[in-house]
Structure formats: structure tokens, C-alpha cells
**Student:** 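Here's a structure for you.
Along the sequence shown, the residues carry numbers beginning at 1.
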Amino acid sequence: MTRPALGSQVSHYRLERVLGAGGMGEVFLARDLTLDRLVAIKFLITPGDEHARRRLLSEARSAAALDHPSICTIHEVVTDDACGDFIVMQHVEGETLAHRLRQGRLPPTEALAIASALFHALAAAHRAGIIHRDIKPQNIVLTPSGQPKLLDFGIAKRLLKEPGPDDATTTSKLTGEGDVVGTAAYMSPEQIQGRPVDARSDLFSLGCVLYECLAGVRPFAAASRAEAIGQLLHVDAPAPSSVVPGLAPTYDALCADLLRKSPAERFQSAD
């Protein structure tokens, strides 16, 4: 497979600039020449495991059926002989929540509004049987109107999936060390331990995001990945009001409900 080049045309899309890159592939801003609109295209880097490739594309196609204002729309999934597999998505204008948080914590009402919109987006996904598994500020874009958009449905979820008898090799190949380091702070205890996950795992991750929006720091911040994992598994996050004095008790209670270690004790679902 050849690496796509800027200015080249793939199918009916012209690649205009690189938007980002990661362990799963490169993302380009592209022009849909048929509909004359801008889209985002993610070219997937998949291992030589054909089972992994088919599973990845199947999950992306399932995610394409999701229709919610706070979920980035997947337009189509394409296999190109020259460039391989790619996913065509809605191009979302705005800044990531991660970029916004570098400027400091959010006003509580704004943080709650973002979390509420994402909660309802997850409800729609969970009803469709889709779990995101990589909710983090980098995967949330805030549009100019303030609407949050959750990215990478059907793609990021393959990074850490529950291992099955014929999936163990797939999981290790699709999960690079960099990916784990980058997202460990937002993973649920069951996900970080490699146990089966369900909708409640996404809600734990949403709790981590809400906490960071309210307090300006991660709930399980640490100097190393090992220390962060130890806290995530064995230490309860301090109340957000202990970091931001004067924060209403209702925010402490909501974060505590979302961040329960045991899925059975956690907020049960978003549907």
C-alpha cells in the first residue's frame, strides 16, 4: 500500500492537508468532489491479520448508523487498492476539549452541559450496541457554538477491546504502548485490567472527563503510568470541591457516582 500524498485524489476525494496522526493511522482534510464538501478521512494502519481488519471495518460500518448531534458522523468506509482502508467522516470545525483545558478548568455550568450532551450521545451509541472505549478530551471537539462532538466511534474502541479466544493476538497488535500511555488516565478499572467492558466503562471515562473539566486536573494524576494505574485501581479520586473550594456538592456526588471502581456500583447506563 502507498502512503497517500497531499493533493492526490483517492476515490472521489482530494486530500488537502494533514489533520493529525496516531497509532491507528493518518487523518486528512479532504474535499468530496462529488458533493463539494469538506470531510475528514482516516487512513487505517492495520496489522497483517485479516480477522482484525474485517472486525475493524465492520465496527466502523456499525458506527456509521449512529445519528446524534454530539457524535461525529461517519459517511462511509472504503477499501482502496492503492491506499488501503479508510473511513470518511464529518469534518468538525472547532477546538478539542484537550486544547480548551490547557487554558484552565471550565465554568461548572459549561462542564455539566458538555458532559450532559456526551451522556446522551453515549446513550444513543449504547442502545445501538456500540461502546466507544476511548473517551478522552482529545476525542471531543467543541464547535464554535459550544456543541461537543465525540470522535472516533468504531475506530478507537479497537485499541483495548475485551480479549476473546480468537482475539487475544488481535488485541495486542492493535494496541501499541503509546496508545495505552496516552489514554490510561481515562480508562475504567476493568478496561485497564483487560477485563470485559460494557457501557459502564464509557461512563467511568466520561466521569474522568467531567472531573477534569470541573477541577482542571485529572482525577488520577500521577508522575508515572504505573502510579496512575495504581490510583485508578485502588484509590478513590478526591472530591472536585477539594481541588476547587466552593464547588457545589452535587458535582462531587455526580463524579463519585461515575467513578465507582466496581461497574456494579457505578452509574448503570446512559440509555
**Student:** Decide side-chain contact (heavy atoms from CB on, under 4.5 Å) for Asp236 and Lys261; before the verdict, give the C-alpha distance in whole Å, the side-chain angles of both, and the deciding distance to 0.1 Å.
**Tutor:** CA-CA 8 Å; Asp236 289 332; Lys261 304 296 186 189; 3.7 Å; yes
**Student:** With side-chain contact (heavy atoms from CB on, under 4.5 Å) as the test, would you mind laying out the steps for Ile229 and Phe220 before giving the verdict?
**Tutor:** CA-CA 8 Å; Ile229 291 174; Phe220 305 104; over 6 Å; no
**Student:** Quick one: does Leu19's side chain get under 4.5 Å of Phe28's, heavy atoms only?
**Tutor:** no
**Student:** Just so I know, are the side chains of Ser8 and Leu15 near enough to count as touching, which here means a heavy-atom distance under 4.5 Å?
**Tutor:** yes
**Student:** Can you get from Val18 to Val88 by hopping between Ile, Leu, Val, Met, Phe, Trp and Tyr side chains that sit under 4.5 Å apart?
**Tutor:**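 In one cluster: yes.
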**Student:** Does any part of the side chain of Leu97, heavy atoms only, come nearer than 4.5 Å to the side chain of Glu212, both counted from C-beta?
**Tutor:**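 No, too far: nothing below the 4.5 Å cut-off.
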**Student:** Under a single-linkage definition using a 4.5 Å side-chain heavy-atom cutoff for Ile, Leu, Val, Met, Phe, Trp and Tyr, are Ile41 and Val78 assigned to the same hydrophobic cluster?
**Tutor:**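 As far as the 4.5 Å side-chain criterion goes, Val78 and Ile41 are connected within one cluster.
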**Student:** Which atom names give the shortest non-hydrogen contact between Leu66 and Ala124, and what distance separates them?
**Tutor:** CD2-O, 4.0 Å
**Student:** Are Leu232 and Val217 joined in one hydrophobic group, where the rule is that I, L, V, M, F, W and Y side chains link up if heavy atoms are under 4.5 Å apart?
**Tutor:** yes
**Student:** What's the separation between atom CD in Glu110 and atom CG in Leu214, rounded to the nearest 0.5 Å?
**Tutor:**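 One finds 11.0 Å between CD of Glu110 and CG of Leu214.
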**Student:** How many angstroms lie between CG in Leu122 and CG in Asp202, if you round to the nearest 0.5 Å?
**Tutor:** 5.0 Å
**Student:** So does Met187 get a backbone contact from the side chain of Lys136, meaning a donor-acceptor N/O pair under 3.5 Å?
**Tutor:**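 Looks like no, no N/O pair under 3.5 Å.
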**Student:** Can you give me the closest heavy-atom contact between Val10 and Cys83, atom names plus distance?
**Tutor:**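 Here Val10 and Cys83 meet closest at CG2-SG, 4.0 Å.
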**Student:** Is there a side-chain contact between Pro240 and Arg105 (heavy atoms, below 4.5 Å)?
**Tutor:** no
**Student:** Under 4.5 Å between side-chain heavy atoms, counting indirect links through other Ile/Leu/Val/Met/Phe/Trp/Tyr residues: same cluster for Leu101 and Ile140 or not?
**Tutor:**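 Yes.
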**Student:** Side chains of Tyr186 and Asp134: does their closest heavy-atom pair fall under 4.5 Å?
**Tutor:** no
**Student:** Return the CD to CD1 distance between Glu76 and Ile87, rounded to the nearest 0.5 Å.
**Tutor:**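 Output value for this atom pair is 10.5 Å.
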**Student:** At their closest point, which heavy atom of Arg17 faces which heavy atom of Leu6, and how far apart are they?
**Tutor:**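 So the two residues come closest at CA-CD2, 3.4 Å.
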**Student:** Test side chain to side chain donor-acceptor pair (under 3.5 Å) on Glu93 and Thr143; report intermediate values, then the result.
**Tutor:** CA-CA 6 Å; Glu93 295 282 356; Thr143 68; over 6 Å; no
**Student:** What pair of heavy atoms forms the shortest contact from Ala115 to Leu206, and how long is it?
**Tutor:** O-CD2, 4.0 Å
**Student:** So Pro196 and Glu190, do their side chains get closer than 4.5 Å, heavy atoms only?
**Tutor:** no
**Student:** Between His12 and Asp32, is there a side-chain heavy-atom distance shorter than 4.5 Å?
**Tutor:** yes
**Student:** Has Arg102 got more than 12 heavy atoms of other residues, nucleotides or ligands less than 6.0 Å from its CZ?
**Tutor:**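 Yes, CZ of Arg102 has more than 12 neighbouring heavy atoms, counting only those of other groups under 6.0 Å.
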**Student:** Kindly compute the distance separating CG (Leu254) from CZ (Phe119), expressed to the nearest 0.5 Å.
**Tutor:**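 Rounded to the nearest 0.5 Å, the CG-CZ separation comes to 9.0 Å.
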**Student:** Can you see which heavy atom on Lys149 is nearest to which on Ile71, and at what distance?
**Tutor:** NZ-O, 4.1 Å
**Student:** Testing the basics here: between Gln138 and Thr96, what is the closest heavy-atom pair and its distance to 0.1 Å?
**Tutor:**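 Heavy atoms of Gln138 and Thr96 come nearest at O-CG2, 4.0 Å.
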**Student:** Go through the steps to decide whether Arg37 and His75 satisfy the test side-chain contact (heavy atoms from CB on, under 4.5 Å), and finish with yes or no.
**Tutor:** CA-CA 12 Å; Arg37 64 178 176 181; His75 296 313; 3.6 Å; yes
**Student:** Go through the steps to decide whether His68 and Leu150 satisfy the test side-chain contact (heavy atoms from CB on, under 4.5 Å), and finish with yes or no.
**Tutor:** CA-CA 10 Å; His68 190 277; Leu150 189 52; over 6 Å; no
**Student:** For the CD1 atom of Ile74 and the CZ atom of Arg61, what is their distance to the nearest 0.5 Å?
**Tutor:**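 Taking CD1 in Ile74 and CZ in Arg61, the distance rounds to 11.0 Å.
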**Student:** Donor-acceptor pair, Ser262 side chain versus Ala264 backbone, under 3.5 Å?
**Tutor:** yes
**Student:** Are the side chain of Arg266 and the backbone of Leu259 linked by a donor-acceptor contact shorter than 3.5 Å?
**Tutor:**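 Not at all, since once roles are kept as given, no pair shorter than 3.5 Å links the two residues.
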**Student:** Is there a continuous path of hydrophobic side-chain contacts, each under 4.5 Å between heavy atoms, that joins Leu38 to Val27?
**Tutor:** yes
**Student:** Less than 4.5 Å apart, any side-chain heavy atom of Leu118 and any of Ile135?
**Tutor:**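 No, their side chains stay 4.5 Å or more apart.
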**Student:** Can you give the donor-acceptor pairs under 3.5 Å from side chains of residues 241-252 to other protein atoms, not counting sequence neighbours?
**Tutor:**
unit_1, atom_1, unit_2, atom_2, d
Ser241, OG, Asp252, OD1, 3.4
Ser241, OG, Asp252, OD2, 2.5
Ser242, OG, Ala239, O, 2.6
Asp252, OD1, Ser241, N, 3.0

**Student:** What class does the angle between the rings of His132 and Phe153 fall in, given that below 30° is parallel, 30 to 60° is tilted and above 60° is perpendicular?
**Tutor:** perpendicular
**Student:** When you check the gap from the basic side-chain N to the acidic O, do Asp36 and Arg31 get nearer than 4.0 Å?
**Tutor:** yes
**Student:** Can you measure from CG (Leu106) to CG (Leu112) and round to the nearest 0.5 angstrom?
**Tutor:**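 If I round to the nearest 0.5 Å, the distance is 11.5 Å.
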